[in-house]
Amino acid sequence: MTKLRVHCFAISLDGYGAGPNQDVDNPLGVGGLALHEWVFPTRTWQTMHGKDGGLAGIDDDFASRGFENIGASILGRNMFGPIRGPWLDETWKGWWGNNPPYHTPVFVLTNHARPSIVMDGGTTFHFVTDGIQAALQRAVEAANGQDVRLGGGISTIQQYVRAGLVDEMHLAISPILLGAGEHLLAGLDMPKLGYRCTKHVPSPNVTHVVLTRGA
Ligand SMILES: NC(=O)c1ccc[n+]([C@@H]2O[C@H](COP(=O)([O-])OP(=O)(O)OC[C@H]3O[C@@H](n4cnc5c(N)ncnc54)[C@H](OP(=O)(O)O)[C@@H]3O)[C@@H](O)[C@H]2O)c1
C-alpha cells in the first residue's frame, strides 16, 4: 500500500512552519530559514547540493529517510514559489534551479492552471487544479508502488491531515521562537484524527518527532 509521508518538516517551538511575509527574499517567511539549520550540515543535504562530505548521525539519518522509497511528491503552490494569483508568465520554475532535488513527478496544488514543466534529473512539475484527492490519486499512480512524499507547505499538510490521508509525519522541532507565521497544528485535533507520537529523538540541533496515524 502506498503511504503518504511527511519528512523533515521543521517547526519552531511555538509551532510555526514558516515565518510571516513570505516573498522572493524570504521563501520561508521572515526568520523561517532558521528552522532548517539542523539539516544544512547533514551528508544528505550536502550530497543533494552536489557537495562532498557532510555530517552523519541522527540528523542525517532522519534527512535520508525522507528520500527512501519515494516515487512522487505533492507540494502547495506557495512552496513552489513566491508568485501569488494568476501566473503572469511561465518563467518561474521553482526555487531549486534546473535540477530540483525531487527526481520524481511532483504535483503542485494550485487554483491557477499551468502546463507541466519537465526539469533536469527526472523532476516534472504538474499543476493540479482539482483538489487534494485528485493530486493524491495522480501522485499514487505516478509513484508506481512506492510512497508519496508530502513536501508542504503548511496549508497543504493541514488539508491532507484533516482528510485523514497522511500516514506518517516526521517533524523536526527547532529550538527557535518565531512568534508569527504559518502554524502547522493550529486547529488540528491530532489524537482525534488518529495520530500518536511513535518516536522522539533529540539531537544536539533539533528534536525529531514522528507522528503515525492508526499506530
Ligand atoms: N518548515 C518546513 O519544513 C517547510 C517545508 C515546506 C514548506 N515550508 C514553507 O511553507 C510555506 C508555504 O506554506 P503555505 O501554507 O503558505 O502554502 P502551501 O501549502 O505551500 O500552498 C498554499 C497554496 O497552494 C494552493 N492550494 C493549496 N491547496 C489547494 C487546493 N486544495 N486546491 C487548489 N489550490 C490549492 C493555493 O494557491 P493558489 O490559490 O495561489 O493557486 C494555496 O494558496 C513556505 O514559506 C515554505 O517555504 C516549510
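Indexing begins at 1, ligand by ligand and atom by atom, following the structure's order.
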(request) Note the single closest protein heavy atom to atom 48 (C) of ligand 1, along with its residue, its atom name and the distance in Å. (result) G17 O, 3.2 Å
(request) Report the nearest protein non-hydrogen atom to atom 19 (O) of ligand 1: residue, atom name, distance rounded to 0.1 Å. (result) T156 OG1, 2.7 Å
(message) For ligand 1 and F9, I'd like to know whether there is a polar contact (N/O to N/O, distance under 3.5 Å).
(response) no
(message) Do R77 and F80 form a cation-pi contact, if we require the NZ or CZ to be under 6.0 Å from the six-membered ring centre and within 45 degrees of the ring's axis?
(response) no
(request) Could you list which atoms of ligand 1 come closer than 4.0 Å to a heavy atom of Q159? (result) 27 (C), 28 (N), 29 (C), 30 (C), 31 (N)
(request) Return yes when atom NE2 of H200 has more than 12 non-hydrogen atoms of other residues, nucleotides or ligands closer than 6.0 Å, and no otherwise. (result) no
(request) Considering heavy atoms of the protein only, find what lies nearest to atom 38 (P) of ligand 1 and give residue, atom and distance to 0.1 Å. (result) R77 NH1, 3.4 Å
(message) Test your reading of the structure: does G152 have an N or O sitting under 3.5 Å from an N or O of ligand 1?
(response) no
(message) Is any side-chain heavy atom of W95 closer than 4.5 Å to one of P100?
(response) no
(request) Kindly give the cluster partners of M48, where membership spreads through any ILVMFWY side chain lying under 4.5 Å from a current member. (result) L28, L33, W38, V39, F40, W45, F67, V206
(message) Using a 4.0 Å cut-off to any heavy atom of N111, which atoms of ligand 1 qualify?
(response) 33 (C), 34 (N), 38 (P), 39 (O), 41 (O)
(request) Kindly confirm or rule out a cation-pi arrangement of R114 over W92, judged by NZ or CZ under 6.0 Å from the six-membered ring centre and within 45° of its axis? (result) no
(request) Below 4.0 angstrom from a heavy atom of I154, which ligand 1 atoms are there? Numbered from 1 as shown, please. (result) 10 (O), 11 (C), 13 (O), 14 (P), 15 (O), 19 (O)
(message) Among all the protein's non-hydrogen atoms, which is closest to atom 8 (N) of ligand 1, and how far away is it?
(response) L28 CD2, 4.0 Å
(message) Could you tell me, atom by atom, which parts of ligand 1 come under 4.0 Å of a heavy atom of M79?
(response) 6 (C), 7 (C), 20 (O)
(message) Show the atoms of ligand 1 that are less than 4.0 angstrom away from any heavy atom in H36.
(response) 1 (N), 2 (C), 3 (O)
(message) Show me which atoms of ligand 1 lie under 4.0 Å from any heavy atom of I132.
(response) 31 (N)
(request) Could you pull out the closest heavy-atom pair between A113 and W87, with the gap in Å? (result) O-CD1, 3.6 Å
(request) Measure the distance from atom 42 (C) of ligand 1 to every protein heavy atom, then report the residue, atom name and distance (to 0.1 Å) of the closest one. (result) N78 OD1, 4.4 Å
(request) Look at atom CG of D189 and say whether more than 12 heavy atoms of other residues, nucleotides or ligands are closer to it than 6.0 Å. (result) yes
(request) With heavy atoms under 4.0 Å as the rule, classify the contact between A18 and ligand 1 as side chain, backbone, both or neither. (result) side chain
(message) Could you check whether R5 pairs with D147 (Lys NZ or Arg NE/NH1/NH2 to Asp/Glu carboxylate O, under 4.0 Å)?
(response) yes
(request) Give the numbers and elements of all ligand 1 atoms closer than 4.0 Å to a heavy atom of P27. (result) 44 (C), 45 (O), 46 (C), 47 (O)
(message) Closer than 4.0 Å to some heavy atom of G151 - which atoms of ligand 1 meet that?
(response) 5 (C), 6 (C)
(message) Looking only at protein heavy atoms, which one is nearest to atom 3 (O) of ligand 1, and what is the separation?
(response) A10 N, 2.8 Å
(request) Select the closest option to atom 25 (C) of ligand 1 among I157, L109, V6, D130, judged by heavy-atom distance. (result) L109
(message) Applying salt bridge (Lys or Arg N to Asp or Glu O under 4.0 Å), can you list everything that pairs with R43, at least two apart in sequence or on another chain?
(response) none
(message) Ignoring hydrogens and geometry beyond distance, is a side-chain donor-acceptor pair present between S116 and H126 at under 3.5 Å?
(response) yes
(request) With heavy atoms under 4.0 Å as the rule, classify the contact between R84 and ligand 1 as side chain, backbone, both or neither. (result) neither
(request) Answer with yes or no after comparing the ring centroid distance for F62 and H170 against a 6.0 Å cut-off, counting only values under it. (result) yes
(request) Pick one of side chain, backbone, both or neither for how C8 approaches ligand 1, counting any non-hydrogen atom pair under 4.0 Å. (result) backbone
(message) I need the nearest protein heavy-atom contact for atom 15 (O) of ligand 1: residue, atom name and distance, please.
(response) S155 N, 2.8 Å
(message) What protein heavy atom lies closest to atom 41 (O) of ligand 1? Include the residue and the distance to one decimal.
(response) T110 OG1, 2.6 Å
(request) For the residue pair W96 and Y102, establish whether any side-chain heavy-atom pair is separated by less than 4.5 Å. (result) yes
(message) Are the side chains of H208 and D59 in contact, using a 4.5 Å heavy-atom criterion?
(response) yes
